[in-house]
Amino acid sequence: MTQTGKQTCEFRAEVCKILNILTHSLYTNREIFLRELVSNASDALDKLRFFSNRGGGLTAPDTPLEIRVSIDKDKKLLTIADAGVGMTAEEMAENLGTIAKSGSEEFLVHFDNATPSGVEGDHTDAANIVGRFGIGFYSVFMVADKVEVISRPAFGSDPAAHVWTSGGLGVYTIEPSGSDAPERGTVVKVYIKDDASEFLEKYRVESAIRNHSAFMPFPIFLDGERVNSEPALWLESKFSVKKEQYEAFYKALTYDTKAPLDVLHLSVDAPVQFNALLFIPDNAQDLFGMDRESWGVDLYARRVLIQRRNKDLIPEYLAFFKGVSDTEDLPLNISRETLQENVLLRKINQVIVKQALNHLEKTAKDDPEKYLNFWRLHGKIFKLGYHDFPNRERVSALLRFNSSALEDGEALVSLDEYMARAPEGQKTFWYVSAPNREAVLLNPHTERFRKKGIEVLYLYEPVDEFVMEGLGKYREWDFKPAENVADDALSAFEDKKDQKKFAEVSELSDEDKGDFDKLLARMKEILGDKVKYVRVSRRLEDSPSVLVSSPDGAITSSMEKLIKVMQKDDSLSVKILEVNQAHPMLRGMLRIFKADPQDNLLTLMTQGLFDASLLLDGFVKDPQALASRMNSLLTETAAIYTAD
Ligand code: ADP
Ligand code: MG
């Protein structure tokens, strides 16, 4: 579209807020605006190369694919020019006037909650903020008081050039460009603010480009001098590449400041030809939250970038890998839509999975410490491999859990180790879900197992239960939740000397049994709709009470929590309260009930019992109300001793 005249537009509200923060709050690492502009230039060249491979008339076809940076100190001007795809006037309004919604919302929430010396790192550090929230182009306003983007589209019948101008303060204008427009592509003119004049120094700009953009696949010139070298490290022989080269490549690719934990360098000829460099980062990623979409492997065909973060090259459970894959076998003019059905990518995917599993197995065997380190960072994602049916056995062998047999919450056990030390006759992996080890130690469901010396796997993440249920079996052993087990299933392991703790008191007279039933009815009356009913438990030894799911037992607590989190539902499903008839507390309650069924202390104790059971299950919905009930109970108890 050719636009005549000048058009003034307002930035969307969230853009204004972000611009305001960018210009006023970020002080360290402002140089990353250069990385963003250079990477946009490189993306534009990539797109151009990609589309011109598919045919179509190209504007100024002889202009080389380069990025040119220049400094004009007198005009306080830094210019970044590329001969890439360029933008029409409409595209400029769309791309430079709005911001990806999801990222901007998270960014603003983050900033609202941020304290000046925030726990999550330095909030004034631009590298932290800009990289994390995909702010990209706007970061230029950290150093500029005015920016002009002059762009001429590379394709189309009417490649008129337009200029987008903004001071970063709420409005921008778009108008037809004058004589300074490029033949093709985009020129970004950055008018440097007084407090950012360092970016008018050649050495400063050069070091920033070398730091952040060394591996750009196009030549970058600064005032006419080439500042980057040709990359494609993945095509080198892995025996010739040095550790430092891998590290530098990784850092340039991911913007990570830490060296990677590990690297996989693959050169494969059959069944499909490809080279790949796959890194395991040395920090955990939030692939279930913030970074949900940011996984995948960059797909190249003969060194031409076809797609960033392609998600067909690796399965989701290997999403922690960052890297590139380059194949000779893919036509350059492939459309992004047909990429998805491409058999070739599936084949590459299969080889990558095989190689990755080989690598992890080898690490687990040769360097267990390193493997555990990997597991703590990425186990959360890797676990999802239970979906991978053909590789299920291999994935299972690589799983690690905390368990009752381990010293502390950090130690981990594999399923094979668990199996090796299980008592004769055991054919089941028992597990229990809890938010953490402290909670699990109080969990009444595991009591019986601990007493019999049977190891129980501790699942701290809701997804673990899906993993166990998804796996079903590992080498003929079942997975079963400890809480759904009837006592007789454990009888084979019964230690005959291990008497029930409250055995001496557990027999009630017939009359008391009748009263106890009435007590249960009274407790249900007190708790009302919070429980389905209250009944005597056959599974408790030390604990006074436990909450159990509906009798069919289909859904366990952490599964339920997961579903609720996904549905943003914070209600509780109604459960059954089971009480330990032999426990001194219940015996006390029976005495109180017999004296006066309406005694307020009984009401408070019943509520307290229920609250404690909820806590053990990890549901704390209303801590204020809970604390207030507890205080009432304590007050009432104190009153007994201070009366008269
Ligand atoms: P991102 O690069 O993550 O998409 P940016 O904020 O860096 O986000 O850029 C926004 C958009 O503006 C880009 O997606 C692209 O469409 C467009 N753009 C920015 N710079 C250029 C350029 N030099 N050439 C062509 N398009 C560009
Ligand atoms: Mg960008």
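In listed order, ligands and their atoms are each counted from 1.
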Donor-acceptor pair between Asp312 and Asn342 side chains, under 3.5 angstrom: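 No.
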
Donor + acceptor pair across side chains of Asn310, Arg308 (<3.5 Å): no

Which of the ligand 1 atoms, numbered from 1, are nearer than 4.0 Å to a heavy atom of Gly136: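 With Gly136 as reference, the close atoms of ligand 1 come out as 6 (O), 7 (O).
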
Numbered atoms and elements of ligand 1 in range of Leu96, under 4.0 angstrom, heavy atoms: 12 (O)

Lys73 bridged to Glu201 by N-O distance under 4.0 Å: yes

Note: Lys347-Asp329 ion pair, threshold 4.0 Å (strictly below):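 Result for this pair is no, no salt bridge flagged.
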
Short N or O distance, Tyr138 and ligand 1, threshold 3.5 Å exclusive: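 Such a contact does not occur with ligand 1.
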
Polar contact flag for Asp43 and ligand 1 (N/O pairs, less than 3.5 Å):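 By distance alone, the answer is no.
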
Within the 6.0 Å centroid threshold, strictly below: Phe374 and His378: yes

Aromatic plane relationship, Tyr250 with Phe279 - under 30° parallel, 30 to 60° tilted, over 60° perpendicular: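 The rings of Phe279 and Tyr250 sit tilted, inter-plane angle from 30° to 60°.
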
Region of Glu36 that comes within reach of ligand 1 [heavy atoms, distance under 4.0 Å]: neither

Residue portion contacting ligand 1 (non-hydrogen atoms closer than 4.0 Å) for Asp82: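 Just the side chain.
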
Asn40 backbone or side-chain N/O/S under 2.8 Å from the Mg ion (ligand 2): yes

Best match, Val149, Val140, Thr186, Val188: closest heavy atom to atom 24 (N) of ligand 1: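 It is Thr186 whose heavy atom sits nearest to atom 24 (N) of ligand 1.
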
